[in-house]
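Reminder, nothing fancy here: chain letters follow the sequence lines and each chain counts from 1. Small disclaimer: the values here were computed from a predicted structure and weren't measured.
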2 protein chains.
Amino acid sequence: MTVADWDLATPAALIDAVALKRNIARMQERMIALGVRLRPHVKTPKCIEVARLQLAAGARGVTASTLKEAEQFFDAGVADILYAVCIPPSKLDRVLALRRRGCALTILVDSVAAAQAVADKGRADNHAFDVMIEIDTDGHRSGVKPDDPLLIDVGTLLHRGGAMLKGVMTHAGSSYDFDTPEALQHVAEQERAGCVRAAERLRAAGLPCPEVSVGSTPTALSATSLAGVTEVRAGVYVFFDLVMVNIGVCAAQDVALSVLTTVIGHQPDKGWAIVDAGWMAMSRDRGTQRQKTDYGYGAVCDAQGRLLDDLIMTGANQEHGIVSRRDDAPDPHIAERFPVGTRLRILPNHACATGAQFSEYRVVTTDGDPPIWRRFNGW
Amino acid sequence: MTVADWDLATPAALIDAVALKRNIARMQERMIALGVRLRPHVKTPKCIEVARLQLAAGARGVTASTLKEAEQFFDAGVADILYAVCIPPSKLDRVLALRRRGCALTILVDSVAAAQAVADKGRADNHAFDVMIEIDTDGHRSGVKPDDPLLIDVGTLLHRGGAMLKGVMTHAGSSYDFDTPEALQHVAEQERAGCVRAAERLRAAGLPCPEVSVGSTPTALSATSLAGVTEVRAGVYVFFDLVMVNIGVCAAQDVALSVLTTVIGHQPDKGWAIVDAGWMAMSRDRGTQRQKTDYGYGAVCDAQGRLLDDLIMTGANQEHGIVSRRDDAPDPHIAERFPVGTRLRILPNHACATGAQFSEYRVVTTDGDPPIWRRFNGW
């Protein structure tokens, strides 16, 4: 039985279970070789079954991007969770409720204001929150610079305020801007060194800092040494995507998430096949636009997942995708090649964004009807 | 009570009920003035309560972009539905099931292959489907050109095959590329004339063609005559968005959908406030990027919805948004102006895409806690 035979409503999100398990094993082996724990970021798949495979392979705890993820994963039996987005005061009640249910939920701050709110809330509710400080090692987003005096202020405020200062964490989001092993190794070392430097400064100030947490998929797969680091966080590696192909940390055949779609029409003069996966299915993410290969809204495979290298999804409306040649030379035989009803699979630019358009995954196994794995969205 | 006081988890999708009702009334009045029926496209809000307001104002039936929308709206009591995406054979069972439950569901084709499949299915199941033919009046996507001989072939095949040929429909998606009243009037007239021309050709060939359905929000609001047209479809007008502001068919204060967010940190040196609405909340849609005013990931308002004209969301990660000055001159007082915990509202580039990131809307009324309106997603 093949995907083409399945009586699946399209568009549908497919997980290639073989690629998924290979990706999980690869990252886990790399972390073992580097001597660090892996705390996978569940924000990409938001799926209990995927996390269970990661934990079974050796991961320790998970990283969440929303409190809803934390709640869902705790309900599914995962108690060790880092909520890796700085916490505003209005979310502390929900954090406290989860911790009082037994969840070892760690929260994040990068400012005196947030640290003060955490300390105040802990005092008011007689509770010691587990807290990490976000470090900015590449200037791309949030965090305290490793050498900023603010780091010690925030750490001191938390520690004296009764919180458990668990350590420091950073995310080298700028790693997405590079595509050579040398540049990625450089970003990985910058991420490691900056975070370790912050930990050393906290310790030198007499503050506890047991954990040093770094990560992004490109840096995790490029780092040659993680001296001083205790854990790595990475998310998208579990599915990979075309952005990661362009960065150079995987091949197209490693991409475990695809969107199954059906041809619904053609514009033969233009060499277009119109499919029923538009941006609502693929997401509006055009992450490969600024990279060395622009895949439009996705790379095109046949229903069995074999890459059709001459085609990409060149355009997308809400429920329409346009599949045509990437070299802009119209294929005059597009309608004969892919008649109405033909099924295709589209590999996504960005698995986190494409996954988010679906409430469930269909899992492609070697035979039989695919199981359904639920995905959750929202906050 | 103001939005700032609500104990809402952020990010949250807010509907400004005053703007919503004003937008609904404006479009309905325009359609009455032009002497056509309005069949609103529910793909933007995907919300029963919004559709009920549109129907109460005078709309007749709805337009759907997925079969799930058709099923959900039929279950909610709306029986007259046009599924405005060309139908592949694999979806006909689901269409038939819905029609046999009493839903007056009209489907769409633009090819001999699809028309043949509809005729075959009707014959096999002894059922006469209601079918429209999609017309391509601007070359932007699907449809048969008004003067293409294929039009008569498709119409004949449907009619002789036992289907009810309800008429022709077109969508001038290219209207989104213009931003002057003159250009929009021109596209509206091209849309009208092309669709009417197709209807006349079908009728001249002895085929039935009672309905002539056109529409997009920009053309619906720009058309000066709709002679020969029986109904107009439009969707995004109900919320409007920044793309529509740039096109010139509404003002920022007409945008009825916004994302409520909380400030979670700052990078004072860069003039950044970091908020908890990233692209997961706003969507990856950057529809204003190629327009006259680029709003980044959205325009920024205070919690009451008053536009803060100097700011936009300049960047977005999955759960982080960067709010900063649109003129790139860092505001050195950003942290004092918007302390951690401050609530802001972000107007979206594209309401269809931003709405799709949420499973419910919070409705901003003049007082009291806001009601929740459910939204559905998926297929």
- Query: Quick check: does any side chain N or O of A/E134 sit under 3.5 Å from a backbone N or O of A/L108, one acting as donor and the other as acceptor?
  - Reply: no
- Task: Determine the option with the most heavy-atom pairs under 4.5 angstrom with chain B, choosing from A/G143, A/G173, A/P11, A/G315.
- Result: A/P11
- Message: Does any backbone or side-chain atom of A/T10 lie under 4.5 Å from a heavy atom of chain B? Answer side chain, backbone, both or neither.
- Response: both
- Step through the shown structure and confirm whether more than 12 heavy atoms of other residues, nucleotides or ligands are within 6.0 Å of CZ on A/R337. yes
- Run through A/T354, A/D285, A/D241, A/T288 and flag the one making a side chain to side chain donor-acceptor pair (under 3.5 Å) with A/N349. A/T288
- Message: Has A/N377 got a side-chain atom pairing as donor or acceptor with A/S359's backbone, closer than 3.5 angstrom?
- Response: no
- Where does A/V263 contact chain B at under 4.5 Å (heavy atoms): side chain, backbone, both or neither? backbone
- salt_bridge(B/E69, B/K46) N-O dist < 4.0 Å: yes
- At a heavy-atom separation under 4.5 Å, does A/A9 approach chain B through its side chain, its backbone, both, or neither? side chain
- Query: Which atoms of A/D136 come close to chain B, meaning under 4.5 Å heavy atom to heavy atom: side chain ones, backbone ones, both, or neither?
  - Reply: side chain
- Task: Output, in order, the C-alpha distance, side-chain angles, deciding distance and verdict of side-chain hydrogen bond (donor to acceptor under 3.5 Å, both in side chains) for A/R284 and A/Y297.
- Result: CA-CA 8 Å; A/R284 272 291 196 195; A/Y297 282 90; 2.8 Å; yes
- Task: Could you tell me whether the side chain of A/R375 and the main chain of A/P45 form a donor-acceptor pair under 3.5 Å?
- Result: yes
- Proximal component of A/Q357, with respect to chain B [non-hydrogen, under 4.5 Å]: both
- By a 4.5 Å heavy-atom criterion (distance strictly below it), what part of A/A117 contacts chain B: side chain, backbone, both, or neither? neither
- Let me know if A/S65 has heavy atoms under 4.5 Å from chain B in its side chain, its backbone, both or neither. both
- chain B interface, residue from A/K145, A/R94, A/K270 that has the most non-hydrogen pairs under 4.5 Å: A/K270
- Message: Keeping A/T261 on the side-chain end and A/V275 on the backbone end, is there a donor-acceptor pair under 3.5 Å?
- Response: no
- Message: I need the residue from A/D276, A/V144, A/I274, A/I264 with the largest number of non-hydrogen atom pairs under 4.5 Å to chain B.
- Response: A/I264
- So, the part of A/E319 with a heavy atom under 4.5 Å from chain B: the answer is both
- Message: For A/H320 together with A/W272, are the ring centres under 6.0 Å from each other?
- Response: no
- Under 4.5 Å heavy-atom distance to chain B, tell me which part of A/P339 shows up: side chain, backbone, both or neither. neither
- When A/G139, A/A356, A/A113 are compared by non-hydrogen pairs under 4.5 Å with chain B, the top option: A/G139
- Would you find a donor on one side and an acceptor on the other, under 3.5 Å apart, between the side chain of B/H266 and the backbone of B/F338? yes
- Given a strict heavy-atom distance threshold of 4.5 Å, which part of A/R286 is in contact with chain B: side chain, backbone, both, or neither? neither
- Of all of A/S111, A/A281, A/A12, A/A335, which one pairs up most often with chain B through heavy atoms under 4.5 Å apart? A/A281
- Item | Side chain / backbone / both / neither for A/H350 at chain B, heavy atoms under 4.5 Å | side chain
